[in-house]
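Computation of the quantities below employed the complete heavy-atom set of this structure, encompassing side-chain atoms and omitting hydrogens, waters and symmetry-equivalent molecules. All values reported here derive from a predicted model rather than from experimental measurement.
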Amino acid sequence: MQNHTRRQLNRYRTILWCIVLLWPLLCFAVEKPPPLQNNIIGIADKEMLLHVNDWLATRQWLHPTSIQQAHDISQEVAEQISDALEPFGYFNLKVFIKLQAIDQGWSADYQVTPGKRATVAQLKVNLTGEGKDNEVFKKLLDNAPLKEGQAFDTTAYSKLKQQLFELASQNGFLNASLQKSVKIDRQAETVKIALDFNTGSQYYFGSIKFSSTGKPVKHTFLRRFLPFKPGEPLHTSVIQKLQHDLGNSDLFRYVSITPQLQQANAKHWVPINVKVTPQSTYQYRFGLGYGTDTGLRALVGSNVRHIQSDGQQVKLLGTFSEDEVNFTADYLIPGKNPTINQYSTALILNHLKQRDQISNSIQLSLYDHALLWKWQCLTGINIINEEHHFNDGSLKNFRALYANIQLNRRITNDLIHPTKGLLLNFVLRGSSSAVLSNTSFFQTKLTAKKLLMIPRHNRLLLRGALGYTMIDNPLDLPTFLQFHTGGSQTVRGYAYHSIPGTNLPGNILKEASIEYQQHIRQNWYIGVFMDAGNVSGKLRDDFKRGAGLALIWLSPIGAMELSIAKGLDSPTKPWLLQFNMGPDL
């Protein structure tokens, strides 16, 4: 038994030594020579050159070990270049190859002479089916991306075919078909195109059947979401919009919309089945965090949905920080079109410590939420009573009935991680001492934010704000309506709401900011910024300026930014480390 074990160990030892001795030879044997280097010359059009390079990148080129192999591979590459340029109408181009040896390999230069680009000698589009006389198709053909006499381009040709099918889908022609013929005369450098487009029958929205699982929902309420009426052409994108609106209403966790094409009647009216599953009645929210502006903070909230079967709900939210405690109870009632219109009644309790005063307020608000010319419009009436307790023991009371109008417009390609966009916010509010108020004021404020992408994935963020309050004494305003600036979202390098500091609050607010963010890797950026702002009684008063550096991470919930900044007009104050998070727009 011991001899057998000894023989096995000797056998393994011999195999191991063979591997060690032969390892350099094995490595040398599998080492590959470098691939052929391809350099394309003579294509001036950037789009064409990019297309050729993308075409070649999808192919795996051999690693030549001899001049003959390099020659054969370069000939194949030249053929591929010719194939890649044919979609642009170049059917007689020439490619001259210059092959040369380089360190441990070969390089090939391809001198491309495109020649004359083929033209569309004939373009015939024949419409058949129920939609052959429909004006929408005739209008499309009058403005087609490809016409007779133009240079042939498969991109424009494909776009024309795509537009025909999209237009058919948008107008209820769900069974459209296309037969095509493309004849290329390489010698004459011309292309003849014939398209026979059969629109098929036109379908229409028929009766709508609603159903719900779990908690019942009024069908009259669901009908408010409908972006179509029976008898209108059936459009798939309209169905997708209904699916999106119902899903984004925060009232349903499951939505299914099914056109019953097999049950269409003789007039091609298609019944539509809409099935929804309501969200659970109660939803709870808890959060804990820290911000350099607010310190330790927490929130507790709850949504109570489906108080009635027509989508009414209550939203409760409490937020707590070192200097502020806020509680809001909001009752929401869907409007005529719940996707863009609703009404709300809110009760707000607030306790705030700020500078040399403590304020306690209670506010009741009635609001109408609507969409006006692509602007989110918030119109409301507010009744507020607030008490200011000053450090010297004095007490001041503010009581007002004031109106509020807010317009908001967001143009962006992504809500969480935008690469470009614009955010505008405009507010008007005011009260009169003649109507249930102990002071009169008028206030307006405009805020704008712009995000630009500049070459190589870098970002430029611009921000500005301008506000004005018409009032005899700004201290007569409730605390949350007084202008302040400074902090991680306004003028970095200054503490939160530290401007105007110990001075009396002013009636003019102005802010400006520019930030350049250099892409580092993946979702990380490093930024340099300059902020400026002030609150005073004169428009020409100097800005308070801050500048510094920032580290930005585009997290799954929005941008997180850690900045270190210096107040340039307060040289004796130290650098401030500040943190901010949330979407850029």
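A donor-acceptor contact closer than 3.5 angstrom is absent between the side chains of H235 and S169. For the residue pair N580/E561, the side-chain donor-acceptor check at 3.5 Å is not satisfied. Side chain to side chain, Q162 and E166 meet the donor-acceptor criterion of an N or O pair below 3.5 Å. Using modelled atom types, one finds no donor on one side chain facing an acceptor on the other under 3.5 Å when comparing N303 with Y284. No side-chain donor from either of Q260 and Q262 sits under 3.5 Å from a side-chain acceptor of the other. In this structure, a donor-acceptor pair under 3.5 Å is present between the side chains of T419 and N413.
Distance alone, capped at 3.5 Å, places no donor-acceptor pair between the Q163 side chain and the L160 backbone. Side chain of R224 to main chain of G335: a donor-acceptor pair is present (N/O by atom type, distance under 3.5 Å, no hydrogens or angles). Looking only at distances, no side-chain donor or acceptor of Q312 sits under 3.5 Å from a matching main-chain atom of I333. Here the side chain of Q150 pairs a donor or acceptor atom with the backbone of K147 at under 3.5 angstrom.
Under the 4.0 Å criterion applied to side-chain N and carboxylate O atoms, D142 and K138 are not assigned as salt-bridge partners. Under the 4.0 Å criterion applied to side-chain N and carboxylate O atoms, D153 and R117 are assigned as salt-bridge partners.
Around atom NZ of K124, no more than 12 heavy atoms belonging to other residues, nucleotides or ligands sit under 6.0 Å away. By the 6.0 Å contact criterion, NE2 on H219 is enclosed, its count of non-hydrogen atoms from other residues, nucleotides or ligands being greater than 12.
Residues D584 and P418 approach most closely at CB-CG, 4.3 Å, considering heavy atoms.
The aromatic rings of F252 and F225 lie perpendicular to each other, with more than 60° between the two planes, well past the 30° mark.
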Take F442 and Y468, measure what ring-ring contact (aromatic ring centres under 6.0 Å, His included) needs, and give me the verdict at the end.
-> CA-CA 8 Å; F442 171 80; Y468 173 73; 7.7 Å; no

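Taking the ring centre of Y525 as origin, the terminal cationic atom of R459 falls inside the region bounded by 6.0 Å and 45° from the ring axis.
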